[in-house]
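What follows is one structure encoded as structure tokens, with my remarks underneath.
Only a predicted model underlies this, so the values are computations on that prediction, with no experimental measurement involved. By convention here, the first residue in the shown sequence is residue 1.
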Amino acid sequence: MVTKLTALLCVLAVGTGLSAASAQQPPTENKGVKTEPLSGYALGKQGLDDFAQRQFRIRQITLEPGGVAAFHSHKDRPALTYIMQGSLTEHRKGGPDRTYKAGEVLTETTDVEHWAENTTTEPVIVISADLFKE
């Protein structure tokens with residue numbers, strides 16, 4: 001009985017060792033990855049000193065045809081918003097109107113006050129990442 005138990009434990013030990021040895025090692029370098037910066041800004045230049053009271057969040061937002069994101073300020077909520085689908089017209093205070101298309105980014109620093117609308121017949125889908133104060 002002891003011999004059979006010893007043999008079983010040896011088989012299990014060898015089997016466990018083989019599966020650990022055959023496990024794939026994680027890569028140490030990227031391969032087939034392309035990184036393209038789209039937008040960014042220095043957080044230290046945003047005048048925010050309360051990072052401990054903020055959360056970094058990312059949201060998907062859909063504006064239906066005729067939909068409007070009402071006038072608002074990014075004074076306390078800097079953001080980067082990526083247009084996934086459709087065209088979004090932005091009305092920025094102190095600047096010209098601009099239409100953003102899929103693949104473009106709205107850079108919303110703390111000096112931005114604006115509103116936006118979907119003037120098309122298709123939904124606009126955006127991904128927005130911001131530093132939201134809790």
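We find that Arg92 and Asp97 are not joined by a salt bridge, their nearest charged nitrogen and carboxylate oxygen being 4.0 Å or further apart.
Closest approach of Ser128 and Ala79 over heavy atoms only: OG-CB, 4.2 Å. Here the closest heavy-atom approach between residue Pro78 and residue Gln46 is recorded as CB-OE1, 4.3 Å. Scanning all heavy atoms of the two residues, the minimum distance from Ser87 to Thr99 falls at CB-CG2, 4.0 Å.
No cation-pi contact links Arg77 to Phe132, judged by a cut-off of 6.0 Å to the six-membered ring centre and 45° from its axis.
Glu108 and Thr81 form a side-chain donor-acceptor contact under 3.5 Å, judged by distance and modelled atom types alone. With 3.5 Å as the limit, one finds no donor-acceptor pair spanning the side chains of Thr89 and Glu117. Using a 3.5 Å distance cut-off with no hydrogens or angles, the side chains of Thr107 and Ser39 do pair a donor with an acceptor.
Between atom CG of residue Asn118 and atom CD1 of residue Ile125 there is a gap of 10.5 Å, rounded to the nearest 0.5 Å. For the atom pair CG (Asp130) and CD (Gln55), the distance works out to 8.0 Å, reported to the nearest 0.5 Å.
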Go through Asp76 and Leu131 one step at a time and tell me if the side-chain contact (heavy atoms from CB on, under 4.5 Å) criterion holds. CA-CA 8 Å; Asp76 292 318; Leu131 286 174; over 6 Å; no
Working for side-chain contact (heavy atoms from CB on, under 4.5 Å), residues Thr110 and His74: CA-CA 5 Å; Thr110 53; His74 284 271; 5.8 Å; no
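Within a 6.0 Å radius of CG in Asp50, more than 12 heavy atoms belonging to other residues, nucleotides or ligands are found.
Tested against His91, the residues Phe71, Tyr100, Trp115 include a single ring pair (Phe, Tyr, Trp, His ring centres under 6.0 Å) partner, Trp115.
Val68 is not connected to Val112 by any chain of hydrophobic side-chain contacts under 4.5 Å among Ile, Leu, Val, Met, Phe, Trp and Tyr, and they are in different clusters. If you chain together hydrophobic residues whose side chains sit under 4.5 Å apart, Leu80 and Val126 never meet in one group. The hydrophobic clustering, which links ILVMFWY residues whose side-chain heavy atoms are closer than 4.5 Å, places Leu63 and Met84 apart. Under a hydrophobic clustering in which Ile, Leu, Val, Met, Phe, Trp and Tyr are joined whenever their side-chain heavy atoms come within less than 4.5 Å, directly or via other members, Ile61 and Leu106 fall into the same cluster. The hydrophobic clustering, which links ILVMFWY residues whose side-chain heavy atoms are closer than 4.5 Å, places Tyr82 and Leu88 apart.
Proximity of Ile58 to Ile127: side-chain heavy atoms (C-beta onward) are separated by under 4.5 Å at one or more points. Side-chain contact between Ile83 and Lys101: absent, with no pair of heavy atoms (C-beta onward) separated by less than 4.5 Å. Between Glu104 and Arg98, the closest side-chain pair of non-hydrogen atoms falls below 4.5 Å.
Listed by first then second residue, pairs satisfying ring pair (Phe, Tyr, Trp, His ring centres under 6.0 Å) with a partner in residues 24-61 number zero, not counting sequence neighbours.
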